[in-house]
Amino acid sequence: MAKPHAQRLTGLGVSPGYAIGRAWLLDRTLKIPRYHIDADEVAAQQARFGDAVGQAEAQIEEIRRSLEEAGDEHGLILEAHQLMLRDTTLTEGVCQAIEQKQINAEWALQKVVRGLKQMFDHIEDEYFRERRADIGFVGDRLMRILVGSGQAALSQIDAGAIVIAQDLSPADTALLDRSAVLGFATDGGGKTSHTAIMARQLELPAVVALESVTEQVGTGDTVIIDGVQGQVLVNPDPETLAHYRRLQREFMQRKAQLDRQAQAPAITADGLSITVRGNIEGTGEAASAQAAGAEGVGLFRTEYLFMNRDVLPDLETQRLAYETVLRTAGAGGATIRTLDVGGDKFIESLKRHEELNPVMGLRAIRFCLQQQDLFRTQLEALLRAAPAGALRIMVPLISGLEEVDAVQALVADVRAGLEAQGVTVPPVPLGIMIELPSAAALADVLAEHVDFFSIGTNDLIQYTLAIDRANEQVAHLYRPLHPAVLRQLEFVVRAAGAAGIPVAMCGEMAGDPFYVPVLLGLGLRELSMNPAAVPAVKAVCRALDSGACRALYQELRGLHRADEVRARLVEWWIDADLGDRLPPEIHDVQHRRA
Ligand code: PEP
Ligand code: MG
């Protein structure tokens, strides 16, 4: 019988590379046994439960430690879970239920957890209602230990496994035996989901947003993860396997070659120096970005400090986080962006109202100017951390001068308050993201009032073309090379130049080698990106001639259709006579785009 062809599932490739291995399905559906027991079995069931509590404590402690080592801030939430495990309402409640109702430990746990959750449901106070989630988490962990599945097995994955899951929480990911796991594929998640971030950090190929991979794949199936194209191939035939083994080998060779030169500066063939920085989401990533060749941090998305936790990070927690980033970012310093909550970046503990269209809603600086206490705390933490390194504060989603005025007044006020307490605060450049068409149109005005610009193409393209960046249906219309986008970029770069302020780009466009000649041609000299993209972008910069890039841009600006611009850029890459300077990555770029 002929072997089946590979079944191909398409999702979002969030961490590049290829992994080939055996599927390991993380099945979260627990079958909870429920039965009555005799009086002489009560002690044994209570002892089982006691053991489970001990094991859960040990597991949480282990996860907390590994998160801390990785510089991840989610450890705090786990402390709350440890406290809950020691709370007698839960532990004695279960032991009593076993005895009084004469039921097994799992059933008793289920009843007690349900009762506690209901109790929290009826408390008005938001803080206490949020404790409900902790009860669920702790109850689930205890149940998995009692039933003997799930979490315990996560640390005992067979070598060469591809983890297939509905989603992976930070705690799950920390528990994984990293030396055994080759890649991830999940039903849920997006480019900025924690799974995606972790996968990139660990350099594990990953595809997310597959919707039903957990239904299509079973444990033991042979699976290929194509993190470049965002595909998962299930039970591939020998030719497909051989094809992907070759792609994998080539990818690793290219990567090793690029990594060897990652620390070399990005100086173009004609001697122009390009600053290449890293975008980070967690404090621990500043050091790894530097190791990947980044010259400092060009964007720290601080909203990640606020995610996945029940209690907002206080002044001290934030100050420590910012100091860590500043100390580990290297001489290039760090551009720390104030809270960009809202839109697709949902933070449970900050949720105020349902919004029909959150991307156009109360997000980023609009939210911060409304919640000024929260914003002041962040500004104070930033200013207190400033002596630790070269800090630049950046404000997201600025639409016009009023917001700049408001932010500057707040910063001045917070600074004055600190100085009145005798705290010395060094001068800190205050810049803005250019990611709204209104800000781009006003760039000449704004440039006179701020210390620097950083162009956020992810949002700028979304709002310019009215294309929801997270909507699969219109993804093909999301065009960085649209003439309307290029005109805005040109205007912004010129405005910054005329005012004598630095302008960087930190949207995804900056991290794609394909666009780099256009960006240099536009006059950009500072690019910030996912640290994994740094070696390739630096290599491309070294191979390019800035004069040729300028000539290319002059040609492109005369084209009136996005497709024409793109086609011309593909042609340019193919024709570019870059000789020996052409790194293998550029060949890949050509083949991918042609
Ligand atoms: C952007 O919009 O380009 C950007 C860098 O910000 P974020 O992706 O965090 O919205
Ligand atoms: Mg943005």
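Ligands are counted one by one from 1 in listed order, and the atoms in each one are counted from 1 as well. Note that the coordinates shown come from a computational prediction; the quantities given were computed from them, not determined experimentally.
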Legend entry - Parallel, tilted or perpendicular: ring planes of F300 versus Y322, cut at 30 and 60 degrees: perpendicular

Inset, instruction - Keeping the roles fixed (side chain from R277, backbone from G332), state whether a donor-acceptor pair exists under 3.5 Å. - result: yes

Inset, instruction - Kindly give the heavy-atom pair with the smallest separation between C368 and L339, and that separation in Å. - result: SG-O, 3.7 Å

Inset, instruction - Please could you name the atoms of ligand 1 that L299 approaches to less than 4.0 Å, counting only its heavy atoms? - result: 5 (C)

Inset, instruction - May I ask whether Q462 has any heavy atom positioned less than 4.0 angstrom from an atom of ligand 1? - result: no

Inset, instruction - Report yes if E303 has an N/O atom closer than 3.5 Å to an N/O atom of ligand 1; otherwise report no. - result: no

Legend entry - Nitrogen or oxygen of E508 less than 3.5 angstrom from that of ligand 1: no

Inset, instruction - Give yes or no for whether the N/O distance cutoff of 3.5 Å, strictly under, is met between R363 and ligand 1. - result: no

Inset, instruction - Please identify which atoms of ligand 1 are closer than 4.0 Å to at least one heavy atom of E435. - result: 1 (C), 2 (O), 6 (O)

Inset, instruction - Find, among atoms of D459 that are N, O or S, the one nearest to the Mg ion (ligand 2), and state its name. - result: OD2

Inset, instruction - Test R568 against every option in D563, L481, L559 by the side chain to side chain contact (heavy atoms under 4.5 Å, CB included) rule and name the one that passes. - result: L559

Inset, instruction - Please confirm whether the backbone N or O of N458 pairs with a side-chain atom of Y478, one donor and one acceptor, at under 3.5 Å? - result: yes

Inset, instruction - Going by the side chain to side chain contact (heavy atoms under 4.5 Å, CB included) test, name the single residue among I393, L382, I336 that passes it with V428. - result: I393

Inset, instruction - Examine all N, O or S atoms of E435, backbone included, and report whether one is under 2.8 Å from the Mg ion (ligand 2). - result: yes

